[in-house]
J.: 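Here it is, the structure, as structure tokens.
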Amino acid sequence: MKTVLEVLEERIGAAMAAVVGANECAAIVRPTADARFGDYQANGVMAMAKQLKTNPRKLAEQVVERLDVADLCEPPEIAGPGFINLRLKPDYVTVQLLRINADDSERLGIEPTTKPRNTVVDFSSPNIAKEMHVGHLRSTIIGDAICRITEFLGHPVIRQNHIGDWGTQFGRVILGLWHMCMAEKHGEPLYYRTELDELRRVAGSNQDLRTLCTRIRDRHEDDWSKDREGEQRFAPFLEGLNDRDVEGLWEQFLCVYQYVNALEDALAGMGLTVRTINQGQEEAIPYESLSRRITVMLQRQDRQELDAWQFIRRLTLEHCGGIYRKLGVQLIDADVCGESFYNDKLPAIVGDLQASGLAVESDGATCVFPEGFKTKEGQPLPFIIRKSDGAYLYATTDLAALRYRVNELKADRIVYVTDARQIQHFQMLFKVAETAGWDRRDGEKVELAHVTFGSVLGEDGRPLKTRSGENIKLKDLLDEAVERAKSVVEEKNPDLPPERKAEIARAVGIGAVKYADYSNNRTSDYVFSFDKMLAMEGNTAPYMQYAYARIKSIERKAESKGVDIAKELHGIAALDLSEPTELDLGKHLARYAEAIESAVADYRPNYLTAYLYELAQKFSAFYTNCPVLDAPAAKRPTRLLLCDLTARTIRHGLSELLGITVVDQM
RNA sequence: GCGCCCGUAGCUCAGUUGGAUAGAGCAACGGAUUUCUAAUCCGUAGGUCGCAGGUUCGAGUCCUGCCGGGCGCGCCA
């Protein structure tokens with residue numbers, strides 16, 4: 001089903017083509033900027049007149065003569081330098097509304113595409129062994145919205161959570177688990193907790209820090225040798241982990257991981273050494289390099305390494321899954337396809353690029369020099385795919401992922417949702433892929449899109465952080481939003497049962513955070529403000545949810561007023577849109593498909609929120625002016641239908657496409 | 001130094017291949033309530049779209065220069 005806009009575009013384009021004898025013409029139909037000019041305006045005639053060096057108004061007259069839109073619009077008017085203004089007939093609006101109403105598929109009359117494209121969306125992508133923080137918010141929810149909308153339009157969507165589960169943090173993670181094990185062995189108090197505090201406290205004093213680190217090193221060395229000399233503490237500990245309570249372990253692990261990182265940072269340049277075993281030989285190595293050594297050691301003892309790694313990976317995903325569920329984001333474990341997945345595919349990436357002559361050695365590293373990129377000195381800028389020490393980088397992994405998605409996942413389109421700072425990386429990635437011919441399958445070009453977004457800022461205009469300068473945990477942020485929403489519900493509707501209040505608080509709090517993000521232009525930074533996003537006035541989630549709740553309230557009241565909504569709407573065949581607010585609302589309802597189309601075309605959720613907000617405003621105006629249940633019997637079915645379609649549209653847009661929960665009562 | 005993004009009302013932001021007199025919300029001011037939830041609606045006021053040129057019938061939008069801010073720039077992701 002074409003949107004009204006598409007129909008007009010087609011008809012006017014055809015009329016223009018007929019007038020000038022061309023094959024096709026762009027009518028450039030847009031919603032009018034001002035209601036006085038009608039509902040739609042065609043701007044294409046003026047551009048064409050310029051091309052033909054003819055009078056635009058005259059050309060417009062000829063086009064209008066050829067134009068037949070009498071089934072949709074009042075007679076077209078020519079205005080200004082050559083605009084064609086179009087005003088929809090109320091009868092046509094009626095036809096559209098009845099058509100939408102007749103669709104019992106919950107799709108509001110919007111048909112799925114006839115040209116489905118396999119769409120891979122790469123989003124969220126947190127790191128293993130770390131808590132999700134506010135920096136992950138935008139990728140996660142913008143990506144989710146893109147998936148939901150694309151899926152709704154009928155395209156198969158493959159979600160890819162490209163988690164950071166491979167790399168240098170490897171050794172530290174395992175060392176963290178090792179400390180957890182030893183702390184349990186030593187009993188309460190868990191030393192890493194108290195020592196982490198100590199490390200922070202004495203950070204300013206080299207002398208105290210040295211004393212502390214030496215003490216830690218001594219115990220560490222002792223545990224280390226006992227463990228290796230037959231007591232066998234760590235291996236059984238690892239084996240036992242899987243049977244234990246996940247929630248508690250995650251908290252412990254986060255702490256011990258911080259401890260390992262803080263300790264390693266403190267050790268830098270201190271000159272402390274630790275005794276360890278290498279190939280059966282005892283040797284002393286710098287204490288701060290122990291985690292790197294462990295990576296190597298454990299890589300030789302496959303089993304233990306993998307167990308530890310798998311366990312932390314599972315713990316992290318458990319945590320992320322909790323955040324996704326809280327956020328209403330449709331990402332599950334099956335969508336996880338992280339860096340480790342591509343590990344064994346990396347040598348081939350480098351090899352193939354070398355074989356084709358694209359990759360060359362430069363200062364010991366293996367690089368591709370894509371066309372059009374320069375360093376600050378004006379030299380060709382390398383896309384490094386292998387470091388001089390032989391390690392691979394995210395450039396390599398991204399190439400491997402791209403190739404996998406094209407060839408194995410059969411992507412027709414790959415969408416990457418990351419912050420704008422990575423723009424150059426993706427430009428280079430796409431260029432390299434294109435040059436290597438990896439962005440094609442069966443000769444068909446795969447569309448590569450980098451969807452960027454700006455930063456979330458604090459009230460001070462700096463990237464949002466805690467007072468002490470740390471990243472704000474997503475969990476804390478969401479909990480606070482729900483907490484604040486709860487106190488609003490408490491204030492506005494104290495008589496609701498507690499579980500009802502909690503449900504509303506969750507919907508409003510989480511919805512507010514998401515909606516605030518969606519309603520901003522994704523390319524700009526935005527200032528995070530609980531007060532603004534939870535306000536009941538303005539373009540906010542609570543305002544939208546309230547509009548919905550009011551409609552549901554009418555439905556609840558109907559019976560007590562002796563109105564049978566189902567009966568009045570059954571087989572409804574005519575509407576009376578004589579009140580201005582009715583017609584205005586009706587026209588807007590008929591344009592939902594256009595809003596979705598514009599939002600998806602450039603991956604901009606704010607076009608959708610803008611539509612929904614206007615819808616809620618128009619509904620509120622209608623609601624204020626037009627009684628529904630108390631309306632004269634002749635007017636009532638129309639108004640009931642307007643209410644029902646508004647509720648369905650808000651629910652669909654908010655809940656299905658943006659993943660924001662609606663509630664029947666607020 | 002080079003590259004990318006941004007600069008729109010007091011504040012936060014929209015502005016869809018260049019279209020009509022640049023729009024919302026918040027804050028301010030004035031009105032509307034025997035309520036289908038006022039968590040609302042209606043109205044008033046508020047802008048040389050950073051500055052200066054240029055292209056065009058028409059520029060917030062495109063081009064050039066400048067000013068101001070953010071981000072990125074060979075072995076992190």
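Per chain, numbering begins at 1; letters A, B, ... match sequence-line order.
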J.: Would you say A/Tyr607 places a side-chain N or O within less than 4.0 Å of OP1 or OP2 belonging to B/G15?
T.: yes
J.: Answer yes or no: is there a side-chain heavy-atom contact under 4.5 Å between A/Tyr623 and A/Cys643?
T.: no
J.: Determine whether more than 12 heavy atoms belonging to other residues, nucleotides or ligands lie under 6.0 Å from atom NZ of A/Lys486.
T.: no
J.: Which salt bridge (Lys or Arg N to Asp or Glu O under 4.0 Å) pairs, counting each pair once, include a residue from residues 623-634 of chain A, with sequence neighbours left out?
T.: A/Lys561-A/Asp630
J.: Base, sugar-phosphate, or nothing for A/Ala26, non-hydrogen atoms under 4.0 angstrom?
T.: base
J.: Measure from the ring center of A/Phe37 to the ring center of A/Phe83 and say whether it is less than 6.0 Å.
T.: no
J.: Measuring only the C1' atom in each nucleotide, how far is B/A22 from B/U40? A whole number of Å is fine.
T.: 28 Å
J.: Over all strands shown, is A/Ser620 touching base, sugar-phosphate only, or nothing at heavy-atom distances under 4.0 angstrom?
T.: sugar-phosphate
J.: Need to verify one output field. Residue with the more 5' nearest nucleotide on RNA chain B, A/Val29 or A/Asp630?
T.: A/Val29
J.: Can you figure out which of B/A14, B/U16, B/C36 approaches the side chain of A/Ser598 most closely?
T.: B/U16
J.: When the distance from NE2 of A/His450 to P of B/C4 is rounded to whole Å, what number comes out?
T.: 16 Å
J.: For the aromatic rings, using the six-membered ring if either is Trp, is the centroid distance between A/Phe430 and A/Tyr416 under 6.0 Å?
T.: yes
J.: P atom, B/U64 versus B/A45: distance in rounded Å?
T.: 40 Å
J.: Can you tell me which nucleotide in B/G74, B/U16, B/C36 comes closest to the side chain of A/Arg30?
T.: B/U16
J.: Please report whether the ring centroid of A/His588 lies less than 6.0 Å from that of A/Phe619.
T.: no
J.: Could you say whether A/Ala621 or A/Asp363 is positioned toward the 5' end of RNA chain B, judged by the nucleotide with the nearest heavy atom to each?
T.: A/Ala621
J.: Using atom P in both nucleotides, what's the gap between B/U17 and B/G53 to the nearest angstrom?
T.: 27 Å
J.: Classify the ring geometry between A/His425 and A/Tyr394 as parallel (under 30°), tilted (30 to 60°) or perpendicular (over 60°).
T.: parallel
J.: Hey, would you say the A/Phe383 and A/Phe369 ring centroids sit under 6.0 Å apart?
T.: no
J.: Whole-Å distance between B/C57 C1' and A/Leu52 CG?
T.: 15 Å
J.: Sticking with atom P, work out how far B/G15 lies from B/G1, rounded to a whole angstrom.
T.: 32 Å
J.: Is A/Gln379 close to A/Lys374 at the side-chain level, that is, under 4.5 Å between some pair of heavy atoms?
T.: no
J.: If you measure from the P atom in B/A39 to the same atom in B/A27, how many Å do you get, rounded?
T.: 14 Å
J.: Do we count A/Tyr394 as stacking onto B/C76 if the rule is ring centres under 5.5 Å and planes under 30°?
T.: no
J.: Round to a whole Å and report the spacing from CD of A/Gln51 to P of B/U55.
T.: 20 Å
J.: Is A/Asn606 touching bases, backbone alone, or none of the nucleic acid, heavy atoms closer than 4.0 Å?
T.: sugar-phosphate
J.: Could you work out which one of B/C75, B/A39, B/C41 sits closest to the side chain of A/Met536?
T.: B/A39
J.: Just to be sure I understand the rule, does A/Ala365 reach a base, reach only the sugar-phosphate, or reach nothing, if contact means heavy atoms closer than 4.0 Å?
T.: base
J.: Give a yes or no on whether A/Glu559 atom CD has more than 12 heavy-atom contacts from other residues, nucleotides or ligands under 6.0 Å away.
T.: no
J.: Between B/G15, B/C4, B/G74, which nucleotide has the shortest distance from any of its atoms to the side chain of A/Ile423?
T.: B/C4
J.: Between the protein and nucleotides 67-69 of chain B, which nitrogen or oxygen pairs come in under 3.5 angstrom?
T.:
none

J.: Rounded to the nearest Å, what distance is computed from the CZ atom of residue A/Arg550 to the C1' atom of nucleotide B/A39?
T.: 8 Å
J.: If I pick the C1' atom on B/A24 and the same atom on B/G65, what distance separates them, to the nearest angstrom?
T.: 34 Å
J.: Over how many whole Å does the gap from A/Arg462 atom CZ to B/C71 atom C1' extend?
T.: 11 Å
J.: Looking for any heavy atom pair under 4.0 Å, which part of the strands does A/Pro627 touch: base, sugar-phosphate only, or nothing?
T.: base
J.: Please state how far atom CZ in A/Phe369 lies from atom P in B/C73, giving the value in whole angstrom units.
T.: 17 Å
J.: Can you sort out the partners of A/Ser291 under side-chain hydrogen bond (donor to acceptor under 3.5 Å, both in side chains), two or more places apart, ordered by chain and number?
T.: A/Glu264
J.: Please indicate whether A/Lys552 has more than 12 foreign heavy atoms, meaning atoms of other residues, nucleotides or ligands, lying under 6.0 Å from its NZ.
T.: yes
J.: Report the distance from atom NZ of A/Lys557 to atom P of B/C36, rounded to the nearest whole Å.
T.: 7 Å
J.: Within the structure shown, what part of the strands sits under 4.0 Å from A/Glu339 by heavy-atom distance: base, sugar-phosphate, or nothing?
T.: sugar-phosphate
J.: Please classify the nucleic acid contact of A/Asn127 as base, sugar-phosphate, or nothing, using heavy-atom distances under 4.0 Å.
T.: nothing
J.: What string of B, S and - do you get for nucleotides 18-30 of chain B, 5' to 3', if B is base contact, S is sugar-phosphate-only contact and - is no contact with any protein heavy atom under 4.0 Å?
T.: BBBB--SSS----
J.: A/Tyr543 near the nucleic acid: base, sugar-phosphate alone, or nothing, with a heavy-atom cut-off under 4.0 Å?
T.: sugar-phosphate
J.: Using whole Å, what does the distance between atom P of nucleotide B/C75 and atom NE2 of A/His425 come to?
T.: 15 Å
J.: If you measure only the distance, is there a donor-acceptor pair under 3.5 Å linking the side chains of A/Ser124 and A/His136?
T.: no
J.: Side chain of A/Lys387 only, heavy atoms from C-beta on: which candidate in B/C75, B/G74, B/C13 is closest?
T.: B/C75
J.: Indicate, with yes or no, if the rings of A/Tyr342 and A/His162 have centres closer together than 6.0 Å.
T.: yes
J.: When you get a sec, tell me which of B/C36, B/C13, B/U16 is the closest nucleotide to the side chain of A/Ser524?
T.: B/C13
J.: My understanding is that only residues two or more places apart in sequence, or in another chain, count here; which of them pass side-chain hydrogen bond (donor to acceptor under 3.5 Å, both in side chains) with A/Lys501?
T.: A/Glu490
J.: Side chain of A/Ile384 only, heavy atoms from C-beta on: which candidate in B/A39, B/G74, B/U17 is closest?
T.: B/G74
J.: Under 4.0 Å, heavy atoms only, any strand: does A/Val628 hit a base, just the sugar-phosphate, or nothing?
T.: base
J.: Report the nucleotide, chosen from B/U40, B/C76, B/G72, that has the shortest atom-to-atom distance to any side-chain atom of A/Leu393.
T.: B/C76
J.: Would you indicate what A/Ser362 reaches in the nucleic acid, counting non-hydrogen atoms under 4.0 angstrom: base, sugar-phosphate, or nothing?
T.: base
J.: Would you write out the dot-bracket form of RNA chain B, 5' to 3', with Watson-Crick and G-U pairs under 3.5 Å, [ ] for crossing pairs, | for pairs to other strands and . for unpaired bases?
T.: (((((((..((((.....[...)))).(((((.......))))).....(((((..]....))))))))))))....
J.: Which nucleotide wins on minimum distance to the side chain of A/Tyr623, given the candidates B/C36, B/A39, B/C42?
T.: B/C36
J.: Minimum heavy-atom separation for A/Leu381 to A/Met428, with atom names?
T.: O-CE, 3.6 Å
J.: Could you work out the separation of B/U34 and B/C29 based on their C1' atoms and round it to a whole Å?
T.: 28 Å
J.: When you compare B/C26 with B/U44, how far apart are their P atoms, in angstrom units rounded to a whole number?
T.: 15 Å
J.: At under 4.0 Å between heavy atoms, what does A/Ala391 touch on the DNA or RNA strands: base, sugar-phosphate, or nothing?
T.: nothing
